[in-house]
Amino acid sequence: MYYPFSWLRSLIRLAVYLVIFALVGLYLDDMLFAVALGATVLLIFNYWHLYKLNRWLWHSRKMSPPSVRGVWEHIYEGIYYLQRRNRNKRKELGELVKRFREGSEALPDAAVVVDAKACIIWCNRLARLELGLKWPADAGRRLDNLIRHPEFIEYFHAGDFKYPIEVPSPTNPAKTFEYRIMPYGEEHLLLVARDVTRVSQLEEMRKDFVANVSHELRTPLTVINGYLELIPADEDDPFMQKAMTEMSAQTKRMQNLIEDLLVLSRIEASSERIYENVVDMPAILAQIEREAQALNAEKGHTLRFHVDPALRVFGVETELRSACSNLVFNAVHYTPSGGSIDVYWQKQHRDARFAVQDDGDGIAQGHINRLTERFYRVDKARSRKTGGSGLGLSIVKHVLSHHNSQLDITSTVGEGSTFSFILDEELIAEQNK
Ligand code: ADP
């Protein structure tokens, strides 16, 4: 039974105890001695309990406290209560850790936890199997000393974990792993490695397939188109005339589509380094301007190019040409006749910015995020009429991602659109800096 501790009761007890000694002292005619004796006995009593408490805390195996009374009972009960509470908490925590471990062992991915110094704190069974970690031998060892692939080390040290990377497995080079790192807690990192061998094989197959099919289709189409151009139009037969014109237009469209598919496959597979060659963007834009003016003949837009003649950048020339021309030609195609189009290639702060601004119909917000998807078109019928393949903005997206940039689209329905991208100052050729 637990009685709450009362100071008043304890003081009264102490007072009664000392009064008894004082009365005995009074009777024996030495009150001071009697009170001093009483105090000494009390001191010895308390020291004895301190000794017992110390023994119980440090040397006894028993959890339950020895049975005592008074203040000491409260102290023992208090300590016992705290101990029990801690034990329950520890048990709960232990259960939680056990469940967490069991859960992470059931994960289909390899998981490793490292601390702020990149030392391994914990890893699951798949990490031991697939990443070749030894447990507990590797506990406390740096992760970058154990997974030695240069790409992984670069990724790990760069500290930018927004995107995962794909790297061959350290134990089996035939397997590809996707490493994803998630910072959590106080500077801890959780590395999750997933076997993506099959996915990357399928992705490779897809790329090869598209590239091969496009390549194989190119020759027959060129032949058909060549013959169609050679066959003289029969002016007396309007049906044949219409058929010939339509066939020519459709084969041209297919040729454009195949050319764009090939460009896209080439860019996807491109391993060309962007820092090796300087691209003369002003010269490229001058050529694009001439081509755009030719396209513009029937549209009658006002085309203005604002080009910094000295702004040259590092990059892949064919790719940048393709991206810029796609954006300019799209503006010409999709802006209703008589519009005005401004093309900018200028420095913005320390970076280089390319932008195509038109005052066309604009694009509704819902479409903007999807525009760079393959074959995505806002108005299918109209895009087909322009001869567009639906791959133009996908090509732009891939080119820009290869140049560490991205396409920015802002548009207001009824007012026009701006398609732009920024190339980092690191890509600007030296004399322009
Ligand atoms: P396409 O070959 O059909 O032009 P793109 O990928 O180049 O394909 O463009 C995708 C779609 O984005 C187009 O079909 C068109 O609807 C829209 N679009 C692109 N540029 C513009 C623009 N400047 N103004 C309005 N719509 C545009």
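Start at 1 with the first residue, then count along the sequence. When a ligand or atom number is given, it counts from 1 through the structure's own listing order. None of the values given here were measured: they were computed from a predicted structure.
We find that Arg253 and Glu246 are not joined by a salt bridge, their nearest charged nitrogen and carboxylate oxygen being 4.0 Å or further apart. A salt bridge does not link Lys397 to Glu373: none of the charged nitrogens lies less than 4.0 Å from a carboxylate oxygen. In this structure, Glu95 does not pair ionically with Lys91, as no charged nitrogen and carboxylate oxygen lie closer than 4.0 Å. Ion pairing of Glu268 with Arg206 is present here, as a side-chain N (NZ or NE/NH1/NH2) and a carboxylate O approach within less than 4.0 Å. A salt bridge does not link Lys117 with Asp115: none of the charged nitrogens is closer than 4.0 Å to a carboxylate oxygen.
If you check the side chains of Glu319 and His402, you find a donor sitting under 3.5 Å from an acceptor.
Of all the atoms in ligand 1, the ones that sit under 4.0 Å from a non-hydrogen atom of Ser389 are 2 (O). Residue contact check: Tyr376 has heavy atoms under 4.0 Å from atoms 10 (C), 11 (C) of ligand 1. Which parts of ligand 1 touch Asp358 is read off a 4.0 Å heavy-atom cut-off, strictly below it: atoms 22 (C), 23 (N), 24 (N). Which parts of ligand 1 touch Asn330 is read off a 4.0 Å heavy-atom cut-off, strictly below it: atoms 4 (O), 5 (P), 7 (O), 9 (O), 19 (C), 20 (N).
Between Asp359, Leu393, Leu257, it is Leu393 that holds the heavy atom closest to atom 5 (P) of ligand 1. Considering only non-hydrogen atoms, atom 2 (O) of ligand 1 lies nearest to Gly390 out of Gly390, Gly392, Gly360, Gly362.
At least one heavy atom of Leu371 sits under 4.0 Å from some atom of ligand 1. Distances shorter than 4.0 angstrom do not occur between any heavy atom of Phe375 and any atom of ligand 1.
Annotation: Lys134, atom NZ; neighbour count of heavy atoms from other residues, nucleotides and ligands within 6.0 Å does not exceed 12.
The part of Ile363 lying near ligand 1 is the side chain, judged by heavy-atom distances below 4.0 Å.
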